[in-house]
Amino acid sequence: MLYMKKIFFSLILLFSGILIADEGMWLPLLLKSLNEKDMKKNGLKLSAEDIYSINKSSLKDAVVHFGGGCTAEIISESGLLLTNHHCGYSQIAAHSTVEKDYLTDGFWAMNREQELSNPGLTASIIQYMKDVTAEVKSGIRSGFSVAQIDSVTNLNIRKIEKEAVAGTHYEAYVRPFFYGNEYYLFVVETFRDIRLVGAPPSGIGKFGGETDNWVWPRHTGDFSVFRIYAAKDNKPADYSPENVPYKPKKSLTISLKGVNEGDFTMVYGFPGRTQEYLTSDAVDLIMSQSDPDKVKLREKRLTIMDSYMKVSDKTRIDYAAKYAGIANYWKKWAGEMNGLKYSNAVEIKKEFQDKFIRLISTDPIKKEKFNTSLNEFHDVYEKMKTLTKQMDYYSECIMGVEGFQYMRSYSALFTNYYAMKAGKKNTFQQDLDNLKKSEKTFYSSYHTEMDREICAEMLKCYDADVKTSLRPRFLDSLLNSFNHDYKALAKFLHDQPLLKAEELRKLVGNWDGNYKNYEKDVYLRLTREIIDYYSKNVQPAFSNYNSILTSMYSDYVREIKTTVKDRPFYPDANSTLRVAYGKVKGYQPRDGVSYGFYTTLDGIFEKENTGNEDFKAPKYLRELFQRKEFGSYADKKDGKIHVAFVASNHTTGGNSGSPVFNGNGELIGTNFDRCWEGTMSDILYNPKICRNIVLDVRYTLFVIDKYAGASHLIKEMKIVY
Ligand code: ARG
Ligand code: GLU
């Protein structure tokens, strides 16, 4: 009986498993036809029209593309914006000085006058999106070459974009979906006066630092608050003291009801990039070569950086953001390759391909075509192995050295100079002016010794891992003349004139009189030879294979989409607006280990006791905790402040700051990370271990209200209890 029951339940799971939420990043425009029914079955109380509409205000009007790389949401009728601390990090840092260190101490504008402007920061809101596939493809005839198709496509796209915004202040972009099988137009309104309203201290907003990055259980209060300002007519304008808070079409209602395991959740935002339909050979290349290479190279850099940052406060501060950036993807790739292995991703993709071939075998012509095509994929990826290695070692090994990065920009300067001399298009004057402007800061936060050590280590790796026949000859001859003594070669390179502030000042101060002397700089020459080698021998082949692959994937994805019925098909993330939905859910990362779905303030002080510097919380937070001054933000069931929770929404980079909704469309949190074990969801979503990490909105409000005393902001919000 029990046995029968088990079979019955696994059958139910099997069948409903196809439909159960979790995987997928869906186009808001298509929710009605593709997802509404399933979403309702899983707990959504709204209609698709409440989420995305062009006729009335809907949730989409409160979802903001923040600075192009993150998401934010509008939470008041006066344009108040909520996003992550790490999304506002560079703005908070830019306003910080040693005397007013907003990164360390936090910042709160106690009135509108104190809100701080951020040149260059934008906030874009989607007005509407539209399927323009037919228009983009019009004029393409069978027999066209790939180049011809590209050129017609691009012309059409430019025309559509132009026409869509003629006579308006909107912007438009068309993006390909499913490898160019579909195209959508997006029309957006972009605001340019975005002010910083508040940020918690790092001890809250970056609590856990790199130790906890990508990790669950998590206690990071990863939020910051901004405000959109507009001209008096409510339209976008450059910064002006005359500007007024933007009146949104929609501002979100915030729920303090909290979440339970199994509750419906929905994430609305701008995921950056996924590759869900890669073939087994591509996954193997990433898992067995590219990720391990990149992880190894970054690990070496980080170890060296760490040793210098530990002993000097200046170095630590100068390199904080750089280190965070390098460490972020180092850890992500490590999680990805482990997760792909753990989930047998290559086998799963192979099985899928076999199944696909079985399903189309009723049509012998198609069967033949795609059998051939899958073999071709295999051949192309075989060829891509070497090219990928070369490319990875260019970006992560050579360009992992700041010295090479500097030389790359000087090299561009010289190239532009000669272009100017030859009467060709160039940006020489502009680049030179920019360099002059930043003259005083040249190398001011550059640690020569540290970078020299990194250079030696990277040269060693390059020499060991990239075959002699596959590298620039000048590099090889330098390596030989230094007898492969990497330290000596690095010292020689880093002693070259252009890496010295005084010398560079001489060059930009009197270009015409001096450029000939500096052209001989060996570091510069080496960099130019490397760039030249890559642009002739590697880049063209790499791009060529990539465009071949795009056209192969275009056929393949179109066919699997119509043939295979038991998996969801949604377009890969491409920085366009998407909805993901799932459930609040803990997970079992490994055998015998089980993670709960939420964390609390208690955990912050547990972690603080471990002595790790990444876990230092502000004193006043502890006082509030001890006095239990939780206001109305404590959980109704356990009386604790809940900090974060996990759910099965399919998200990726760019979803940071995204609003997370309950079934009523009320804001319950802000997305800020994924669990390490499941970071391979960019390539293969495994419902067992893929979870997004959400900051509980009750913690955000608790910090704003009780910790920062910024209750005037709370008064702006619409809150339901
Ligand atoms: N892992 C998160 C994301 O991908 C947070 C990154 C914040 N940066 C960091 N190095 N801690 O963006
Ligand atoms: N922290 C990431 C971001 O900045 C989100 C994490 C992820 O990749 O899912 O977008």
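These numbers come from the heavy atoms of this one structure, side chains and all, not from hydrogens, waters or symmetry mates. Read the numbers this way: they start at 1 and go in the same order the structure lists the ligands and their atoms.
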J.: Would you check if the distance from the ring center of Phe605 to the ring center of Phe625 is below 6.0 Å?
T.: yes
J.: Which residue holds the protein heavy atom closest to atom 5 (C) of ligand 1, what is that atom called, and what is the gap in Å?
T.: Asn213 OD1, 3.4 Å
J.: List ligand 1 atoms under 4.0 Å from Trp214, heavy atoms only on the residue side.
T.: 1 (N), 4 (O)
J.: Just let me know how Glu210 lines up against ligand 1, side chain, backbone, both or neither, with a heavy-atom cut-off below 4.0 Å.
T.: side chain
J.: Name the closest protein heavy atom to atom 12 (O) of ligand 1, giving the residue it belongs to and the distance to 0.1 Å.
T.: His86 NE2, 3.2 Å
J.: What distance do Asp293 atom CG and Ser288 atom OG have between them, rounded to the nearest 0.5 Å?
T.: 10.5 Å
J.: If only atom types and distance count, is the side chain of Glu677 paired as donor or acceptor with the main-chain N or O of Ile689 below 3.5 Å?
T.: no
J.: May I ask you to list the atoms of ligand 2 that are less than 4.0 angstrom from any heavy atom of His86?
T.: 1 (N), 3 (C), 4 (O)
J.: Examine Gly209 against ligand 1 and note whether any of their N/O atoms are separated by less than 3.5 Å.
T.: no
J.: Validate the cation-pi geometry between Lys294 and Trp333: distance from NZ or CZ to the six-membered ring centre under 6.0 Å, angle to the ring axis within 45°.
T.: yes
J.: Just to confirm my output: which protein heavy-atom neighbour is closest to atom 2 (C) of ligand 2, and how far is it?
T.: Ser656 OG, 2.8 Å
J.: Measure Lys332 to ligand 2 on non-hydrogen atoms and call it side chain, backbone, both or neither using the 4.0 Å cut-off.
T.: neither
J.: For the residue pair Lys322 and Tyr319, would you count it as a cation-pi contact if the rule is NZ or CZ under 6.0 angstrom from the ring centre and within 45 degrees of the ring axis?
T.: yes
J.: At what distance is the nearest protein heavy atom to atom 4 (O) of ligand 1, and which residue and atom is it?
T.: Asn328 ND2, 3.2 Å
J.: Does ligand 2 come near enough to Arg674 that some N or O of the ligand is less than 3.5 Å from an N or O of the residue?
T.: yes
J.: Let me confirm one number: the CD-OH distance from Glu23 to Tyr685, rounded to the nearest 0.5 Å.
T.: 7.5 Å
J.: Under a 4.0 angstrom heavy-atom cut-off, which atoms of ligand 2 come close to Asn655?
T.: 10 (O)
J.: Check Asn692 against ligand 2 and report side chain, backbone, both or neither, counting heavy atoms closer than 4.0 Å.
T.: neither
J.: Could you tell me whether His642 and Tyr633 have their ring centroids closer than 6.0 angstrom?
T.: no
J.: Checking Lys585 against Phe645: charged group under 6.0 Å from the ring centre and within 45 degrees of the axis?
T.: no
J.: Does some non-hydrogen atom of Lys332 fall short of 4.0 Å from ligand 1?
T.: no
J.: I need the Ile254 CD1 to Glu73 CD distance, nearest 0.5 Å.
T.: 8.5 Å
J.: If the cut-off is 4.0 Å to any non-hydrogen atom of Ala324, which atoms of ligand 1 fall inside it?
T.: 10 (N)
J.: Would you mind running through ligand 2 and noting each atom that sits below 4.0 Å from a heavy atom of Gly653?
T.: 3 (C), 7 (C), 8 (O), 9 (O), 10 (O)
J.: Among Ser658, Gly657, Gly654, whose heavy atom sits nearest atom 10 (O) of ligand 2?
T.: Gly654
J.: So for ligand 1, is Asp673 a polar contact partner (N or O within less than 3.5 Å, distance only)?
T.: yes
J.: For the residue pair His85 / Asp222, report whether a side-chain donor-acceptor contact shorter than 3.5 Å exists.
T.: no
J.: Record the part of Tyr329 in heavy-atom contact with ligand 2 below 4.0 Å; permitted values are side chain, backbone, both and neither.
T.: neither
J.: Considering distance alone, does some N or O of Gly69 sit under 3.5 Å from an N or O of ligand 2?
T.: no
J.: Do we see a donor-acceptor contact under 3.5 Å between the side chains of Glu261 and Tyr598?
T.: no
J.: Kindly check if Cys70 and Cys87 bring their SG atoms closer than 2.5 angstrom.
T.: yes
